[in-house]
Amino acid sequence: MEKKTGRIIKVAGPLVVANNMLGSKMYDVVFVSDMKLMGEIIELNEDTAYIQVYEETSGIGVGEPVYQTGYPLSVELGPGLIESIYDGTQRPLDKIYSQVGDFITRGIQTNALDRNKTWKFIPIVKKGDKVSEGDKLGYVQETSLIKHYIMVPPYLSGEVIDIKSGDFKVDDVVAVLKDKDNKNLEINMMQKWPVRKPRPYLEKLPPILPMFTGQRVIDMFFPISKGGTACVPGPFGSGKTVIQHQLSKWADAEVIVYIGCGERGNEMTDVLIEFPELVDPKSGEPLMKRTVLVANTSNMPVAAREASVYTGITIAEYFRDMGYSVALMADSTSRWAEAMREISGRLEEMPGEEGYPAYLAAKIASFYERAGRVKCLASEEREGALTVIGAVSPPGGDLSDPVVQATLRVVKVFWSLEAQLAYRRHFPAISWLNSYSLYIDNIKEYIIKNVSENYFELQNKSMRILEEEAELEEIVRLVGIDALSGNDRLILLVAKMIREDFLHQNAFHEIDTYSRIDKQYKMINVIQYFYTKGKEYLQKGINIVDIENMRVRDRVARMKYTPIENIENIESIKKEIDDEFDELLKKL
Amino acid sequence: MIKEYKGLVNIMGPLILVEGVSGVKYEELVEIELPDKSKKNGKVLEVNGNKALVQVFEGTTGIDIERTKTRFLGHGIHIGVSKDMLGKVYNGFGKPKSEKDKIIPEENLDINGAPINPYARNYPNEFIQTGISTIDGLNTLVRGQKLPIFSGSGLPHNKMAAQIARQSTVLGKDEQFAVVFGAMGITFEEAQFFIDDFKKTGAITRSVLFLNLADDPAIERIATPRVALTSAEFLAFKHDMHVLVILTDMTNYCEALREISAARKEVPGRRGYPGYLYTDLSTIYERAGRIKGKKGSITLIPILTMPEDDKTHPIPDLTGYITEGQIILSRSLNRKKILPPVDILPSLSRLKDKGIGKGKTREDHADLFNQLYASYARGKEAEELAVILGESALTDMDKVYLKFAQDFELEYISQGDYENRTIEQTLNLGWRLLSIFPKEELKRIRDENIEKYYKKV
Ligand SMILES: Nc1ncnc2c1ncn2[C@@H]1O[C@H](COP(=O)(O)OP(=O)(O)OP(=O)(O)O)[C@@H](O)[C@H]1O
Ligand SMILES: [Mg+2]
């Protein structure tokens with residue numbers, strides 16, 4: 001399998017330069033030195049290849065061999081992906097652990113998919129059926145949540161001349177097709193796909209379905225659609241990782257791909273420990289049964305970090321192709337960009353802004369472009385969606401950072417995390433004044449039909465109150481609260497309720513961690529009801545101070561802790577509001 | 001097979017370029033012999049054809065072009081480690097300071113280590129009692145955590161670190177405990193302060209010290225945190241010890257790194273620091289942690305002085321992006337002699353939730369923490385308002401909050417250098433301070449905890 005051997009002429013950190021490399025192609029995988037360190041060709045100049053190496057290069061020197069493989073960096077796709085934890089080049093970390101122990105040593109080669117494990121393959125097609133690329137041949141019940149469809153790989157088609165049923169390994173043949181040239185195509189349960197090449201689909205569809213996340217500030221104010229793109233920029237400690245963990249837990253997607261790209265080891269451990277224990281609110285099954293993890297932590301080799309986002313998104317596309325709604329989290333895309341910058345620097349390329357390569361924006365744009373709601377490649381009507389959510393970690397939280405700016409140009413949802421909010425422990429620290437979602441018009445119809453007629457009316461009113469609060473606060477700062485009219489003070493009071501009793505959501509509270517959309521609606525509805533009544537009773541002469549001290553406010557504050565089976569109780573707060581206002585009126 | 005070459009082609013700052021080499025490896029250790037026969041250590045930064053670029057740890061003073069010899073030793077930078085290192089002192093490169101500091105190594109380890117497999121990690125969740133209320137009560141430290149102290153020049157971060165080293169225990173457990181101390185570019189006096197303190201309390205016998213002082217070669221500092229962590233890993237994961245690693249001052253470390261980067265004429269990142277500073281720092285900080293099936297652990301407290309007290313300076317900024325929270329010291333508290341001057345509001349231990357509560361500290365801890373934090377924040381707001389509009393502009397309740405914030409600083413934050421408070425004492429102190437409020441004000445505390453502790457302790 002190994003072809004011609006090149007010879008190293010330079011080693012500079014993760015970059016190795018070799019000559020005698022004629023015959024190799026851009027983005028081919030090579031193995032460097034007899035330690036067999038995996039690398040990828042990122043530039044070719046006559047017979048000289050520039051290689052980014054996915055492992056630590058210490059101890060490598062000039063004159064050592066470079067082995068060509070002739071194939072591009074690819075991932076293995078098939079049963080066994082779910083519940084796995086991979087490094088940036090899809091090496092399974094659990095297998096590495098059992099091979100070499102606690103620390104990742106170099107030159108380990110393992111298959112991404114276990115070759116010894118058998119899966120029960122259940123056929124869908126029968127002999128004589130005509131099938132083409134993307135069509136389902138059968139499925140494997142991979143986990144209790146995921147039916148893993150075995151599809152005809154892209155570019156192939158033909159007539160089924162043999163189809164198996166029963167227990168097979170991923171590389172066993174489960175179907176044989178005869179193509180139009182009368183050639184037999186043996187199909188097993190595993191596909192290989194080059195990570196830098198988007199997997200094909202028939203066409204993109206408009207993003208008209210919301211992806212509810214159970215996070216109130218997101219679903220109510222800055223919603224994302226299935227197949228949409230979003231970014232979460234913010235300084236350190238502002239809550240990027242917690243939001244991505246929350247979405248991985250509660251978003252109504254069928255498959256989650258979580259990429260820990262250049263972040264902390266303990267955060268991956270956290271997911272590994274927590275997800276098997278947490279239960280999916282819809283199916284009652286452990287959340288891990290729909291999750292794939294890619295972990296290339298900050299102390300792991302920087303070139304593999306660059307690859308990790310591609311590894312993750314290719315796996316995500318594969319499940320999209322089966323017709324699933326997939327959500328991908330990348331924490332943090334800044335570390336990916338930094339990896340690009342480091343390699344680019346070693347290549348001595350002309351630097352752009354902040355030393356980032358000139359192609360930074362193009363790479364970011366084409367990454368997010370792989371998201372979308374699509375008509376899948378198949379002869380049947382099949383729809384899949386891939387939603388992509390990237391964290392961005394700008395230096396000092398400064399949004400003029402080139403990675404933030406390049407990302408904002410392509411994504412449609414912006415959840416802006418603010419240091420000031422995190423500092424005041426208002427979580428999620430998503431700024432209600434600066435964030436936006438451009439999907440609202442797309443998903444309006446669905447929400448009006450499926451959640452409530454006046455959903456957007458409530459949303460608008462609430463947002464208006466928050467904006468007014470910001471203006472009024474200026475005045476209060478200058479002249480004190482006593483200068484405000486009763487109506488203005490009511491606005492401040494209601495804004496406070498929206499912030500503290502609705503937007504604030506504790507990720508670590510058993511119940512508050514997830515709010516179903518109908519519960520969210522009921523909550524905001526009660527707050528707006530309070531506002532309407534408040535205005536009415538101010539007119540009738542009730543003092544604002546008495547309104548500020550109403551007992552029912554405590555009930556409103558506790559709405560969020562209402563278990564989902566009791567959400568009707570939220571409705572009954574309206575009655576308590578009425579009663580207490582009447583009481584105040586009587587005292588007058 | 002050791003190869004030796006005579007003469008250099010170029011010397012630039014801390015770097016030398018050797019030509020005509022063969023078989024040289026990236027990151028290989030180099031011994032450099034000066035014309036006066038004295039020796040220095042170097043590391044290969046780049047090999048390109050028959051040229052090797054070498055970083056000299058002790059600086060290039062005294063190195064000449066013609067007569068300097070370089071020997072490529074065929075391996076990376078290693079340190080000999082043994083349990084006998086406890087009680088001994090090394091220089092910043094891991095060489096014994098004196099005859100009595102020599103050991104017979106059990107193992108020779110590469111100072112770069114290897115990344116811990118995320119799959120092998122165990123989540124840090126064991127409460128460490130430091131005896132300092134602002135940490136135990138509000139920014140709880142757990143075993144295996146990396147929690148830096150962001151300080152400023154002239155602030156008492158060393159005192160605080162020494163106090164943590166002196167007092168740290170895990171409740172109800174009697175386990176092997178060690179301190180690894182790595183000093184980078186701090187003054188002799190500062191280092192002596194730690195040594196004296198460790199001696200006075202007997203902690204010295206369970207400590208390993210790596211000292212690169214202000215007048216030691218600056219580039220040597222690049223190796224110091226790595227040799228320190230390599231020995232810590234050995235003690236933690238081979239000898240089941242719970243190791244507390246203190247690294248001070250990371251700012252000096254980063255400056256040494258910047259110097260190398262500038263000499264290599266790399267495209268500088270923010271404020272001249274190299275673009276790979278994040279990755280470089282994470283290969284240090286991420287070595288903290290716990291490992292499945294291993295008894296020992298590494299808890300890491302890096303100390304850094306923020307240039308111009310600016311939290312957005314690349315050094316604190318990138319550190320914050322890697323560590324699991326931060327303890328920030330405040331100049332204004334220090335001025336008021338409220339010591340250790342921990343700035344409560346921006347400080348955070350991200351792992352605290354995993355280390356507190358029933359069975360770990362006490363069931364009321366989380367509620368109490370939230371209430372103290374919120375009340376102090378409101379008290380500080382009232383204080384600000386009073387400055388602008390005068391105290392008369394405050395509502396009666398705001399005045400109570402203001403009083404609370406003042407008491408809280410004087411009694412809770414402020415604490416003697418040798419005052420070792422148990423977690424019980426810290427929690428009860430919190431309740432006592434909260435008793436200034438009527439019960440209804442304590443909205444963050446569950447009724448059952450109010451019932452049990454409010455005005456009862
Ligand atoms: N929704 C939330 N509920 C409660 N606490 C939260 C929430 N979001 C964030 N936090 C708190 O903020 C801390 C920091 O959050 P997180 O780790 O997500 O920050 P980050 O933005 O990812 O930081 P970094 O860039 O350093 O990785 C958490 O450890 C937690 O204490
Ligand atoms: Mg994070």
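Order of the sequence lines fixes the chain letters, A, B, ..., with proteins taken first and strands second; residue numbering starts at 1 for each chain. This structure is a prediction, so every number in the text was calculated from the model and none was measured.
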In Å and rounded to the nearest 0.5 Å, what is the [atom1] to [atom2] distance from [X] to [Y]?
{"X": "B:D280", "Y": "A:S298", "atom1": "CG", "atom2": "OG", "value": "11.0 Å"}
{"X": "A:I273", "Y": "B:N125", "atom1": "CD1", "atom2": "CG", "value": "8.0 Å"}
{"X": "A:R341", "Y": "B:Y278", "atom1": "CZ", "atom2": "OH", "value": "12.0 Å"}
{"X": "B:L281", "Y": "A:N299", "atom1": "CG", "atom2": "CG", "value": "12.5 Å"}
{"X": "A:E274", "Y": "B:Y123", "atom1": "CD", "atom2": "OH", "value": "8.5 Å"}
{"X": "A:S58", "Y": "B:I77", "atom1": "OG", "atom2": "CD1", "value": "10.5 Å"}

Identify which part of [X] has an atom lying under 4.5 Å from any heavy atom of chain A, answering side chain, backbone, both or neither.
{"X": "B:V47", "result": "both"}
{"X": "B:K51", "result": "neither"}
{"X": "B:T319", "result": "neither"}
{"X": "B:R264", "result": "side chain"}
{"X": "B:E233", "result": "side chain"}
{"X": "B:Q326", "result": "side chain"}
{"X": "B:F237", "result": "side chain"}

Practice prompt. Would you mind reporting whether A:F103 and B:P115 have side-chain heavy atoms less than 4.5 Å apart?
Written response: no
Item to complete: Measure the shortest side-chain to side-chain distance between A:M300 and B:T283 over non-hydrogen atoms and say whether it is less than 4.5 angstrom.
Response: no
Worksheet item: If you count the non-hydrogen atoms of other residues, nucleotides and ligands that lie under 6.0 Å from CZ in B:R446, is the total more than 12?
Response: no
Discussion item. For the NZ atom on B:K380, are there more than 12 heavy atoms of other groups (residues, nucleotides or ligands in this structure) within a distance under 6.0 Å?
Written reply: yes
Worksheet item: Would A:R424 count as a cation-pi partner of B:Y373, with NZ or CZ less than 6.0 Å from the six-membered ring centre and within 45° of the ring normal?
Response: no
Discussion item. On the six-membered ring of A:Y97, is B:K292 placed so that its NZ or CZ lies under 6.0 angstrom from the centre and within 45° of the ring axis?
Written reply: yes
I'd like to know if the side chain of [X] and the backbone of [Y] have a donor-acceptor N/O pair within less than 3.5 Å.
{"X": "A:R264", "Y": "B:I322", "value": "yes"}
{"X": "B:T312", "Y": "A:G396", "value": "no"}
{"X": "B:N117", "Y": "A:I104", "value": "no"}
{"X": "B:Y321", "Y": "A:P394", "value": "yes"}
{"X": "B:E286", "Y": "A:G265", "value": "yes"}

For a quick test of reading the model, state the closest non-hydrogen atom pair linking [X] to [Y] and the distance between them.
{"X": "A:L272", "Y": "B:P118", "value": "CD1-O, 4.4 Å"}
{"X": "B:P346", "Y": "A:Y423", "value": "CB-CE1, 3.6 Å"}
{"X": "B:G49", "Y": "A:V62", "value": "O-CG2, 3.5 Å"}

Region of [X] that comes under 4.5 Å of a non-hydrogen atom in chain B:
{"X": "A:I85", "value": "side chain"}
{"X": "A:T297", "value": "side chain"}
{"X": "A:K240", "value": "side chain"}
{"X": "A:E64", "value": "side chain"}
{"X": "A:P395", "value": "both"}
{"X": "A:V11", "value": "both"}

At a heavy-atom distance under 4.5 Å, which candidate from [options] has the highest pair count against chain A?
{"options": "B:P316, B:P124, B:A377", "value": "B:P124"}
{"options": "B:T395, B:L53, B:T323", "value": "B:T323"}
{"options": "B:L351, B:V44, B:V21, B:I291", "value": "B:I291"}

Considering only heavy atoms and a distance below 4.5 Å, find which of [options] pairs most often with chain B.
{"options": "A:I9, A:D94, A:I8", "answer": "A:D94"}
{"options": "A:E354, A:M268, A:E342", "answer": "A:E342"}
{"options": "A:G355, A:S393, A:G345", "answer": "A:S393"}
{"options": "A:D554, A:T105, A:D102", "answer": "A:D102"}
{"options": "A:E263, A:E348, A:E56", "answer": "A:E263"}

Item to complete: Please name the residue in the list A:L93, A:D87, A:T269 that meets the side-chain contact (heavy atoms from CB on, under 4.5 Å) test with B:Y119.
Response: A:L93
Fill in: Steps toward side chain to side chain contact (heavy atoms under 4.5 Å, CB included) verdict (B:D317, A:F236)
CA-CA 7 Å; B:D317 189 46; A:F236 69 77; 3.6 Å; yes
Discussion item. With salt bridge (charged side-chain N to carboxylate O under 4.0 Å, His left out) as the criterion, how do B:E46 and A:K10 come out once you've worked through the C-alpha distance, each side chain's angles and the decisive distance to 0.1 Å?
Written reply: CA-CA 7 Å; B:E46 189 174 310; A:K10 176 175 172 178; 3.5 Å; yes
Discussion item. Given B:T279, which partner from the list A:R335, A:E338, A:R305 fulfils the side chain to side chain donor-acceptor pair (under 3.5 Å) test?
Written reply: A:R305
Worksheet item: Do you know which of B:R290, B:E324, B:R350, B:K354 makes side chain to side chain donor-acceptor pair (under 3.5 Å) with A:N266?
Response: B:E324
